[in-house]
2 protein chains.
Amino acid sequence: MTVAITRFQAKISGYSGDGPGLENCPVRTVIDHIGGKWSTLILLALSEKPYRFGELRRLVPDISQRMLTQTLRDLERDGYALRTVFPTKPPSVEYRLTELGQSLFAALCGLLDWAEANYLAVKEARRSFDERNA
Amino acid sequence: MTVAITRFQAKISGYSGDGPGLENCPVRTVIDHIGGKWSTLILLALSEKPYRFGELRRLVPDISQRMLTQTLRDLERDGYALRTVFPTKPPSVEYRLTELGQSLFAALCGLLDWAEANYLAVKEARRSFDERNA
DNA sequence: CGGGATCCGCCGCGATACTG
DNA sequence: CAGTATCGCGGCGGATCCCG
């Protein structure tokens, strides 16, 4: 009975092979960081082609410049995005996905497609639930 | 030039066809809610088989009982999970995925597998980035 | 056993102002 | 143009106590 659990234990609780265990959980390591409010949106934008800072701002109208900066930094830190500064005047900075970022996006695509196909059902489920618990 | 953007505009900025637009964005509607700290973990656990409240607590050792309750409520509200109460003494409550939840999980699998395969590379990228910016 | 109620710290995120 | 600095709020999430 606990045998069935074991198959997923590693993904859920982490690998206790070396160290504390919980912070070695693959799911947490990756998902926790792309679970932010803007990460997937920026990833989606950059999947198409490299963009400059200002272009990304216009692409995502309601992101603050502070959060765009921070999101891009996080993506860069995790190895998903590459930041290139062109020393022009005024300076221009280009962001593009790395190989790792592209492969992450490929894995993310299934979820994004699902979201597009099913978000109406989700919204309806929410509405229905809220109505039942009025 | 802006033509290239248009292809993704809907997914990023939402469908402005009817209403304000931004809250009609499929990505935001779905991803924002499963981006929580525990949602994917519980989804992963329930994908294997139905579980009871206490079993889930043991499966995810470091979740508080408050957050487990709330996460399960959210999953139920979005139509991903089904809550069944058995009026035994003491009562037992079972959680299982709905069809919608199972299909979401199927779409999520690609990402989970990617996380398992690449989380070491991500951790290394982080370490390297932090070192460069010391 | 499976919660609900309450209190509270942390931090994600936004708004605004300033800079090279 | 592409950021940095500072301030402040709301809400996520943890700890604790109580209940049927």
Side-chain angles (χ1 to χ4, degrees), chain A residues 1 12 20 22-23 25 27-28 31-43 45-46 50-78 81-96 129 133, chain B residues 1 13 20 22-23 25 27-28 31-43 45-46 50-78 81-96 129 133:
Chain A
M1 178 186 182
I12 296 175
L22 285 175
E23 60 266 22
C25 170
V27 178
R28 303 186 191 209
I31 311 284
D32 281 3
H33 280 71
I34 62 168
K37 192 174 180 181
W38 307 106
S39 305
T40 57
L41 252 14
I42 302 299
L43 226 34
L46 291 180
Y51 278 112
R52 292 177 47 191
F53 190 88
E55 295 175 323
L56 287 172
R57 261 194 106 167
R58 282 186 291 278
L59 257 185
V60 188
D62 56 342
I63 194 175
S64 69
Q65 144 259 51
R66 172 185 172 10
M67 285 317 296
L68 180 54
T69 300
Q70 184 175 310
T71 302
L72 287 168
R73 281 288 179 282
D74 291 344
L75 294 180
E76 191 191 357
R77 185 172 108 99
D78 282 11
L82 199 63
R83 186 183 116 110
T84 312
V85 182
F86 297 100
T88 57
K89 265 198 323 194
S92 86
V93 181
E94 181 198 83
Y95 294 90
R96 68 169 66 238
F129 181 91
N133 300 58
Chain B
M1 178 187 181
S13 308
L22 285 174
E23 59 266 22
C25 171
V27 178
R28 304 186 190 210
I31 311 285
D32 281 2
H33 280 70
I34 63 168
K37 193 175 180 180
W38 306 107
S39 305
T40 57
L41 252 15
I42 301 300
L43 225 35
L46 291 181
Y51 278 113
R52 292 178 47 192
F53 190 87
E55 295 176 323
L56 287 172
R57 260 195 106 167
R58 282 186 292 278
L59 258 184
V60 188
D62 56 342
I63 194 175
S64 68
Q65 152 255 49
R66 178 197 192 310
M67 285 318 294
L68 180 53
T69 301
Q70 184 174 309
T71 301
L72 287 168
R73 282 288 178 283
D74 290 345
L75 293 180
E76 191 192 357
R77 185 173 107 99
D78 282 12
L82 200 63
R83 186 182 117 111
T84 314
V85 182
F86 297 100
T88 56
K89 268 198 320 194
S92 87
V93 181
E94 181 198 84
Y95 294 90
R96 68 167 65 240
F129 181 91
N133 300 59

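Letters A, B, ... mirror the listed sequences (proteins, then strands); counts begin at 1.
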| Closest to side chain of B:Tyr95, choosing from C:dG3, D:dA2, D:dG3 |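 Selected nucleotide (nearest to the side chain): C:dG3.
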With a 4.5 Å heavy-atom cut-off, do [X] and [Y] have their side chains touching?
{"X": "B:Phe53", "Y": "B:Leu72", "answer": "yes"}
{"X": "B:Arg83", "Y": "B:Arg96", "answer": "no"}
{"X": "A:Asp78", "Y": "B:Phe129", "answer": "no"}
{"X": "B:Arg77", "Y": "A:Asn133", "answer": "no"}
{"X": "B:Ile34", "Y": "B:Asp74", "answer": "no"}
{"X": "A:Phe86", "Y": "A:Glu94", "answer": "yes"}
{"X": "B:Trp38", "Y": "B:Leu68", "answer": "no"}

Expressed in angstrom and rounded to an integer, what is the separation of [X] atom [atom1] from [N] atom [atom2]?
{"X": "B:Asn133", "N": "D:dG3", "atom1": "CG", "atom2": "P", "result": "13 Å"}
{"X": "A:Leu72", "N": "D:dG3", "atom1": "CG", "atom2": "P", "result": "8 Å"}
{"X": "A:Glu94", "N": "D:dG3", "atom1": "CD", "atom2": "P", "result": "12 Å"}
{"X": "B:Leu68", "N": "C:dG2", "atom1": "CG", "atom2": "P", "result": "10 Å"}
{"X": "A:Asp32", "N": "C:dG12", "atom1": "CG", "atom2": "P", "result": "11 Å"}

| task | Measure the angle between the two terminal helix axes of the helix from C:dC1-D:dG20 to C:dG20-D:dC1, five base pairs each, and quote it to 10°. | result | 50°
| Going by an N to O cut-off under 4.0 Å, is there a salt bridge joining A:Arg57 and A:Asp62? |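 Salt bridge between A:Arg57 and A:Asp62, a charged N being under 4.0 Å from a carboxylate O: no.
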| Do any N or O atoms from the side chain of A:Thr69 and from the backbone of A:Gln65 form a donor-acceptor pair under 3.5 angstrom? | yes
| query | OP1, OP2 of C:dG4 versus side-chain N and O of B:Arg73: anything below 4.0 Å? | reply |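 So the side chain of B:Arg73 is within the cut-off, an N or O lying under 4.0 Å from OP1 or OP2 of C:dG4.
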| query | Given that B:Thr69 and B:Arg58 both sit by DNA chain C, which one's nearest nucleotide is further toward the 5' end? | reply |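 By nearest-heavy-atom nucleotide position, the 5'-most residue is B:Arg58.
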| remark: Per-nt protein contacts along nucleotides 8-20 of chain D (heavy atom under 4.0 Å; B base, S backbone sugar-phosphate only, - none) come out as -----BBBB---B
